[in-house]
2 protein chains.
Amino acid sequence: MATADPERPGFLLPLLLLAGFRTLIDDLHAELAGQGHPDLRPVHGFVLQAVGVDGTTASELGQRLGVSKQAAGKTVDRLVALGYLERVDDPADARRKLVRMTEKGVDGLRRSAVLFDALRKRWAATLGEERVAAMEDDLRAVTPPNFFRLDVPGWFGG
Amino acid sequence: MATADPERPGFLLPLLLLAGFRTLIDDLHAELAGQGHPDLRPVHGFVLQAVGVDGTTASELGQRLGVSKQAAGKTVDRLVALGYLERVDDPADARRKLVRMTEKGVDGLRRSAVLFDALRKRWAATLGEERVAAMEDDLRAVTPPNFFRLDVPGWFGG
DNA sequence: CATGTTCGACAACCAGGTTTACGATTCCGA
DNA sequence: TCGGAATCGTAAACCTGGTTGTCGAACATG
């Protein structure tokens, strides 16, 4: 029950946010490993999500994820080695190399979307749908709108 | 406003949890850097918190943080180099080396506690105290109780 | 006293991030 | 049109934080 206690210390909130996040992510990847994707790490789901169905470039990916283009490029390297992404030359610009999901990448992203949805339903079964929805609304209200570059195309696109 | 929408996709929740956490942590360290602690990284606060006022050992610290004793030892090395922690021999057991906070470490931890509290009040001013308290209650309800080893002494002790 | 366990340390390695640099390509304005 | 500026991908060097494996020193116990 929510009690308005002014004595609640502030450090509980970040700790619980991190614990909630990691609980969700760890549960997801435990199930994902049993569905043919044992190599998918937590960060990879966000990367695949940011690549999107239309593909992107390493520089643009870095902007979406809020990291340097070099860091994005190295993560793309690993996901290419794992078979989740592929690089193709851009016929319109010889400097650019399009990063696209492979079939395996699409499969992994689709499965994680299904699992995330199931995990959210589990939270909703415990807390009630209204409480989960309220938590999402509240978190959205206190999060900078451009945090994960949710405004740029690619996120959840498709 | 919280609307009970069964069509809300599950992947929004982890993204918002992570964004909320990072928003809080980034805000904290931006202010902490201006108060004489520019070298404190996000993970350091949790380590100092886990060391506690009574001190601990590298092995025990690893258990509290859920990482290997080697990883805990390396992090202690860095915090010793930064002046936040110190190692002293345990007179009762020549194998053990007690890890204790220095004055600088106590100062950093005290300041972050004050800042976290202020940040929580900022959230409460935006959302209302009841909503923040409800979020904490809900997150606690869906988080494994031993996640950060909150049960062991050291966390928030003192 | 011999054996097993624990502690701290070291080495090697991996993932993910940074800054700096650079060649190749494209864009754009004088 | 052409030359400088900007962009793209890549590489190198480095840092942080994590892993596993090993090992000597120091306890604990039969």
Side-chain angles (χ1 to χ4, degrees), chain A residues 18 21-22 25-26 29 33 37-51 55-100 148-149, chain B residues 18 21-22 25-26 29 33 37-51 55-100 148-149:
Chain A
L18 181 56
F21 171 73
R22 284 204 49 189
I25 294 290
D26 290 350
H29 285 86
H37 297 283
D39 296 322
L40 266 191
R41 305 284 306 129
V43 76
H44 296 162
F46 293 102
V47 175
L48 292 180
Q49 196 69 254
V51 168
T56 180
T57 66
S59 293
E60 194 180 343
L61 184 60
Q63 282 187 298
R64 289 181 187 176
L65 295 172
V67 300
S68 65
K69 61 179 181 177
Q70 294 88 338
K74 286 206 290 186
T75 301
V76 169
D77 286 343
R78 290 174 201 120
L79 284 172
V80 166
L82 290 174
Y84 287 93
L85 294 177
E86 62 183 354
R87 273 189 246 252
V88 296
D89 289 336
D90 185 340
D93 188 336
R95 294 171 307 177
R96 293 157 56 95
K97 292 197 179 167
L98 274 302
V99 176
R100 288 190 317 203
F148 260 122
R149 309 285 308 182
Chain B
L18 181 57
F21 170 73
R22 285 204 48 189
I25 294 291
D26 290 351
H29 285 87
H37 297 283
D39 296 323
L40 266 190
R41 306 283 307 128
V43 77
H44 296 163
F46 293 101
V47 175
L48 292 180
Q49 196 69 254
V51 168
T56 181
T57 65
S59 294
E60 193 180 343
L61 183 61
Q63 283 187 298
R64 288 183 188 175
L65 295 172
V67 301
S68 64
K69 61 180 181 178
Q70 293 90 337
K74 286 206 291 185
T75 302
V76 169
D77 286 344
R78 290 175 201 119
L79 284 172
V80 167
L82 291 173
Y84 287 93
L85 294 177
E86 62 183 354
R87 273 188 245 253
V88 296
D89 290 335
D90 186 340
D93 188 336
R95 294 170 307 175
R96 293 158 58 97
K97 292 200 179 165
L98 274 302
V99 176
R100 287 190 318 203
F148 260 121
R149 310 284 308 182

Can you tell me if CZ on B/R87 sees more than 12 non-hydrogen neighbours from other groups inside 6.0 Å?
-> yes
How close or far is atom P of C/dA15 from atom OH of A/Y84, stated in whole angstroms?
-> 14 Å
Between C1' of D/dA12 and NZ of A/K74, the distance in whole Å | 10 Å
Please report, rounded to the nearest Å, how far the P atom of C/dG8 is from the CG atom of B/D93.
-> 8 Å
Separation of atom CG in B/D89 from atom C1' in C/dC7, rounded to whole Å | 12 Å
Distance check: side-chain N/O of B/H44 vs OP1/OP2 of D/dG17, anything under 4.0 Å?
-> yes
Do A/L85 and A/L48 pass the side-chain contact (heavy atoms from CB on, under 4.5 Å) test, and can you show the C-alpha distance, the side-chain angles, and the key distance before you say yes or no?
-> CA-CA 8 Å; A/L85 294 177; A/L48 292 180; 3.7 Å; yes
Distance in angstrom units between B/D26 CG and C/dG17 P, rounded | 14 Å
Between D/dC8, C/dG16, D/dG17, which nucleotide has the shortest distance from any of its atoms to the side chain of A/S59?
-> D/dC8
Min side-chain heavy-atom separation A/K97-A/T57 under 4.5 Å | no
When all nucleic acid strands are considered with a 4.0 Å heavy-atom cut-off, which category describes A/A58: base, sugar-phosphate, or nothing?
-> sugar-phosphate
Side-chain donor/acceptor of B/Q70 to base of D/dG21, under 3.5 Å = yes
Spacing of B/R78 atom CZ relative to C/dA9 atom P, expressed in whole Å = 14 Å
Want to settle it: does A/A92 or A/V43 sit nearer the 5' end of DNA chain C, counting the closest nucleotide to each?
-> A/V43
Separation of A/R41 atom CZ from D/dT19 atom C1', in whole Å?
-> 11 Å
Above 12 or not: heavy atoms from other molecules or residues under 6.0 Å from CZ of A/R100?
-> no
Mind checking A/S68 for me? I need base, sugar-phosphate or nothing, with any heavy atom below 4.0 Å counting as a touch.
-> base
Starting at CZ of B/R95 and ending at C1' of C/dT5, how long is that distance when rounded to a whole Å?
-> 8 Å
Among C/dG8, D/dC27, D/dT10, the one nearest B/R96 by side-chain distance = C/dG8
Can you find a pair of side-chain heavy atoms, one from B/L40 and one from B/L82, that are under 4.5 Å apart?
-> no
Report the residue (B/K69 or A/K97) whose heavy-atom-nearest nucleotide on DNA chain D is the more 5′ of the two.
-> A/K97
Give one of base, sugar-phosphate or nothing for B/A71, where a contact means two heavy atoms less than 4.0 Å apart.
-> base
